[in-house]
Protein chains: 2
Amino acid sequence: MTTTATTLKGQPLDKAVLESMLRRRMFYTPSFEIYGGVSGLYDYGPPGCALQANIIDIWRKHFVLEEDMLEVDCTVLTPHEVLKTSGHVDKFADWMCKDPKNGEILRADHFVEDVLESRLKGDKEARGEKIEEKEVDPKKKKKKTKGQEAIKLGDAVVKEYEEILAQIDNYNGEQLGELIIKYDLKNPATGVLPTPPVAFNLMFQTSIGPSSNLAGYLRPETAQGQFLNFAKLLEFNTGNMPFASASIGKSYRNEISPRAGLLRVREFLMAEIEHYVDPEGHKKHSRFHEVEDIELVLLDRHTQLSGQTSVKKMTVGKAVKDGLVDNETLGYFLARIHLFLEKLGIDQSKIRFRQHMANEMAHYACDCWDAELLTSTGWVECVGCADRSAYDLTVHAKKTGAPLIVRERLDEPKIIEEWETVIEKKKFGPFYKKDGKTIEAAILATSQEQRETLAKEMEQNGKVVIDVPGVSEGKVEVSKDLLALEFRKRTENIREYTPNVIEPSFGIGRILYSLIEHNYWTRASDGGDEARGVLSFPPAVAPTKVLIVTLSTNQEFGPFTRKLSQKLRAVGISSRVDDSSASIGKRYSRNDELGTPFGITIDFQTVKDGSVTLRERDSTHQVRADEDKIIAAIQSLVNGAKSWRDIESELPVFEAQELEVR
Amino acid sequence: MTTTATTLKGQPLDKAVLESMLRRRMFYTPSFEIYGGVSGLYDYGPPGCALQANIIDIWRKHFVLEEDMLEVDCTVLTPHEVLKTSGHVDKFADWMCKDPKNGEILRADHFVEDVLESRLKGDKEARGEKIEEKEVDPKKKKKKTKGQEAIKLGDAVVKEYEEILAQIDNYNGEQLGELIIKYDLKNPATGVLPTPPVAFNLMFQTSIGPSSNLAGYLRPETAQGQFLNFAKLLEFNTGNMPFASASIGKSYRNEISPRAGLLRVREFLMAEIEHYVDPEGHKKHSRFHEVEDIELVLLDRHTQLSGQTSVKKMTVGKAVKDGLVDNETLGYFLARIHLFLEKLGIDQSKIRFRQHMANEMAHYACDCWDAELLTSTGWVECVGCADRSAYDLTVHAKKTGAPLIVRERLDEPKIIEEWETVIEKKKFGPFYKKDGKTIEAAILATSQEQRETLAKEMEQNGKVVIDVPGVSEGKVEVSKDLLALEFRKRTENIREYTPNVIEPSFGIGRILYSLIEHNYWTRASDGGDEARGVLSFPPAVAPTKVLIVTLSTNQEFGPFTRKLSQKLRAVGISSRVDDSSASIGKRYSRNDELGTPFGITIDFQTVKDGSVTLRERDSTHQVRADEDKIIAAIQSLVNGAKSWRDIESELPVFEAQELEVR
């Protein structure tokens, strides 16, 4: 996972400089900072908030509107019983160790990863190898800088460590504990071994109502609310399958030690889709042909288990055909996720889809691929795409008795011929007394083959012997006046089934942070002494679309500024006015840091003829035309109908006013 | 508060019929219903979710974009210390009683209200008066239907009860307890008096982090996160005042007994504005002239305290001039709130602004007006507009030391002449030892008048006597070598002040529910045997804008349906297709219940010439034109550029196809 983080233009990415810029421009900020902050909680300031709203807007159009998904908004507060049934109360946990000396609480997998990576680094130093300038995850920095000496390891040990790291997500708590013992992984801060890992449930608990007797949690995912509404949603969809529900909302995970900025937080915005599909017929998708030629970068389960991280690039059509991706519906959504990330402005060379290994998978999933984005912290899971099979609907239906199923009228009635067991209830119960129910269950549990054999036995002997564990030493005799075995024919007009669920699940904060890194670069200032930050967001994603600046603080410009911003507002384009006394160059530069794609300057020419200049952020080129033409140009740029090149060829280029930072 | 609820067309509103329709169309539904539900928690289904998104979209345009407010998104999880400082830990509570016989938990003010209203009703019956058909609040229904007999009350008692009810929100717990005793208010369910009211804090508690030692709450309002970011937001706004921040997000209140559907829930979406204003100069607002002629319906504090509920209708300009509304900024927002509600489609005759009484006000407010909407449950507080003065910024600054202030460069430096105290630190400390700090504080706390007197005393006696409670029997002698008192002149260039906050705060769920009631009506079906529901939302608010129906299930129509919905999607208009085999009348009728304003029918003529018909929900009139003209018409209807009357005059009316429910 060693990476050299780069900017949009391939420059080395200086994370400290970027973070200082993001803080200065209030993209996000630690929550409750004046109270000292709470780790894992962040607030979005105005640009971050607008960026988030635009990502959500594009998500809604790309997924929900495009496929007529049924959007729902369910509560975050969830009673205990629901999450007990879903398995989260018992299984939604991370492994936690404690340092017995200083009481520090450690997340076991991160701890093992940190110490091994640190040893590998020490080995490289000892071997005199140049260590790649890697942007270190801030959550790890503290430990790494402490006490790791340059000690050479044996070649076999290096290979062992690397193989462990390639599958670090695949170990359970016991195995992590074994690794700690086997490799003597001491906490560098104290020099002692941490305690064996124990499970720590990640849900925030509370109680609902005044009498405090209804335990509840803050939901760890939006999915459960969607599943519980399945029957109503199916009815709303007039019974048609397949269909999807979708939800955008906050979820909560009480992370053990969140230390990676927006990438690991305790409260986060999720956008989740639950796509319900008939499990029969290998989960085909009617629109798969639209995406089958899209190329994806895949890192499959087998590669990781063999200790490698090499990827395969192939079309999603081939990946499904080869069985690398299980089925069309899963493949369809992987491709749609890829297209969504591309639309946002995620760097295409920094996406891969990684398959979960068996132990890594959530308790409800039977297959899962993560869309991972490359950032200065390494590869970060930003979208999960899980096949949850029929798990959730089945457990909730079983617990509540609600029919979370699809009833499908068969085009052709299905004729079924099979062995049936007919129990003579009136005699059977009194005869076997308290064992009656157990024996009946054993009879009902017999297979078609067994029943055929039993039928012959009954015909020959007038009785059969059934295996019933726990009753009369395991064997029970049943005579023909109590049981009949018959081969019967029946006709079915309705098929009932529990649909399977394919779940694309988006962590909006992680996508937002990766998007910032992928679109960040610096350009030299005029003097060349100072690099200035630029965030080259696509216009549709940018927090604000237009900055309006006046050449000076002259009062004359006021009415033009107001009219222009009103006109932009009327066509739904967000703008901000900067009529401060800072130089135009400085104001544009401030604005480049906010990622605003266009700038309009109002000058004395504007007062004379109503013309204004339009500046494009990335090229810093300008054109000049009358106000309405410029507004029309911006509209077409924001909705994607035209590119800046088109505008430059249509409107007169403006070069007079070279006040500009290039 | 006795009201007869009516529909948009003035018909009596049958709440049971409306609720059954809303449930059938999945506007909202009890959360976790298959698990028996949890009171006060609701999920929004697809139409409710879209309606909510549209309300939020209009809110953002009307407030945030219109006035360049700084939108932020802060966390729901909030540490104890923040809410302790803000006063919520100590004061954010309702009064709760318990029925000692059956253990039922009662909200004290609602209990008193219920019993008194029930007695008044019994009195009317006894007097043989016709009781107005009032839609009863479901939370009250249970009690009311039990055991209240028709007993005549004395005229004086009736008047007393009515006066209590007019100011029911003004009683504290002790006073509610006194009312219960004085009027012998027994719980009708058991016939016993409830226990005296105790305060029940409405915040949901949890703990943050793995070691469970950081207590936290789910925020009860979005405001605190905004206040804590004040200094950063002011800087983001390049120091300019006034400005506003805004936030849209979930908040939580652990209601004692939530039983009124969407009107009293435990988890709800809020949209809040914190407008920061200089307290000097009586809080003028630069855009007040734009709204001063808007008429508001006002129910002021004095009227309520005198036991009345009569309203005054006047322009906001006059209300501010007369001092009924304290200042321009508060008046400006009341008018803007009114315009927002009007834009949504709230019935103008069902809005009033009610001023809070002193005891009713939240602990942080110095004045507050609620926009109340009339529903079948009576007048419901949907928007609060509070003047929080400098309360919050002051307490947080005091607690944390953070400078939550504005520093304003004065146009003209201010010359200040005043008495200053100069302490000879080197001698003062050693002389008074442990009492030094206390004595110093007492000296610094002296007023200008006191200092003038002390200076004379010092000049005469060479020493002064200072009052210092707790030190040397309250009097301390200070000699002139330890303290000087001087009259000095100094020049100030900067003025520092803590801004005041005007806070418009919107309960989106309550607005959404009221909007549904205000836009609901029924029309007779063809046969006249059955009334069919219609929700006449304005196009911009409607969950879906267009229903596309095909004349029959003929396969030929498929490509036209797909092309049409793609084209609509491209111009950002949401549509749904209904190509089921139900009759067109039935499909449109289903759609009227969903509030979809427009319907497009694809028929055999479409296959021939590409023309389609467009139906308007409220009139059921239709026009026919080619597809692109119809799409352009819908665009202009949705963005408000044209009315249906305009479209009818522009495009050929279509009357051939009378399959329609009128």
Pairwise distance [atom1]([X]) to [atom2]([Y]) - rounded to 0.5 angstrom:
X	Y	atom1	atom2	result
L594(B)	F236(A)	CG	CZ	5.5 Å
C74(B)	F32(A)	SG	CZ	7.5 Å
M26(B)	N229(A)	CE	CG	4.0 Å

For the backbone of [Y] and the side chain of [X], can you confirm whether one donor and one acceptor N or O come within less than 3.5 Å of each other?
X	Y	value
T206(A)	Q205(B)	yes
E71(A)	C49(B)	no
D43(A)	T75(B)	yes

Can you see which heavy atom on [X] is nearest to which on [Y], and at what distance?
X	Y	result
G209(A)	N254(B)	N-OD1, 2.8 Å
F200(B)	P210(A)	CZ-CA, 3.4 Å
N237(B)	R576(A)	OD1-NH2, 3.7 Å
E267(A)	V76(B)	OE2-N, 2.7 Å
A402(B)	I34(A)	CB-CG2, 3.7 Å

Give the member of [options] that has the highest number of heavy-atom pairs under 4.5 Å with chain A.
options	value
L269(B), T400(B), V577(B), N240(B)	T400(B)
G48(B), G401(B), P46(B), A50(B)	P46(B)
V38(B), V82(B), L65(B)	V82(B)
Q52(B), H396(B), M96(B), K61(B)	H396(B)
L233(B), L202(B), T238(B)	L233(B)
P79(B), S31(B), G225(B)	P79(B)

* Side chains of R266(A) and I208(B) in contact at under 4.5 Å (non-hydrogen atoms) ->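 Yes, close enough: below the 4.5 Å cut-off.
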* Asked: Do D73(B) and K250(A) have side-chain heavy atoms sitting under 4.5 Å apart?
  ->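 Side chain of D73(B) against side chain of K250(A), heavy atoms only: contact under 4.5 Å found.
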So what's closer than 4.5 Å to chain A heavy atoms on [X]: side chain, backbone, both or neither?
X	answer
Y252(B)	side chain
I105(B)	side chain
I573(B)	neither
R23(B)	neither
S575(B)	backbone

* To do: Dump the intermediate steps for side-chain contact (heavy atoms from CB on, under 4.5 Å) on L228(A) and E33(B), then the final yes or no.
  => CA-CA 8 Å; L228(A) 298 188; E33(B) 198 172 24; over 6 Å; no
* Is E235(B) paired with R24(A) through a side-chain N to carboxylate O contact shorter than 4.0 Å? ->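 Salt bridge: no.
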* Side-chain donor-acceptor pair under 3.5 Å between T85(A) and Y35(B), yes or no? ->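 T85(A) vs Y35(B): donor-acceptor pair found between side chains.
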* Asked: Pick from E66(A), K98(A), R25(A): which one has the most heavy-atom pairs with chain B under 4.5 Å?
  ->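 Most heavy-atom pairs within the cutoff with chain B belong to E66(A).
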* **Residue pair L218(A), L218(B): steps toward the side-chain contact (heavy atoms from CB on, under 4.5 Å) verdict** => CA-CA 10 Å; L218(A) 307 190; L218(B) 307 189; 3.7 Å; yes
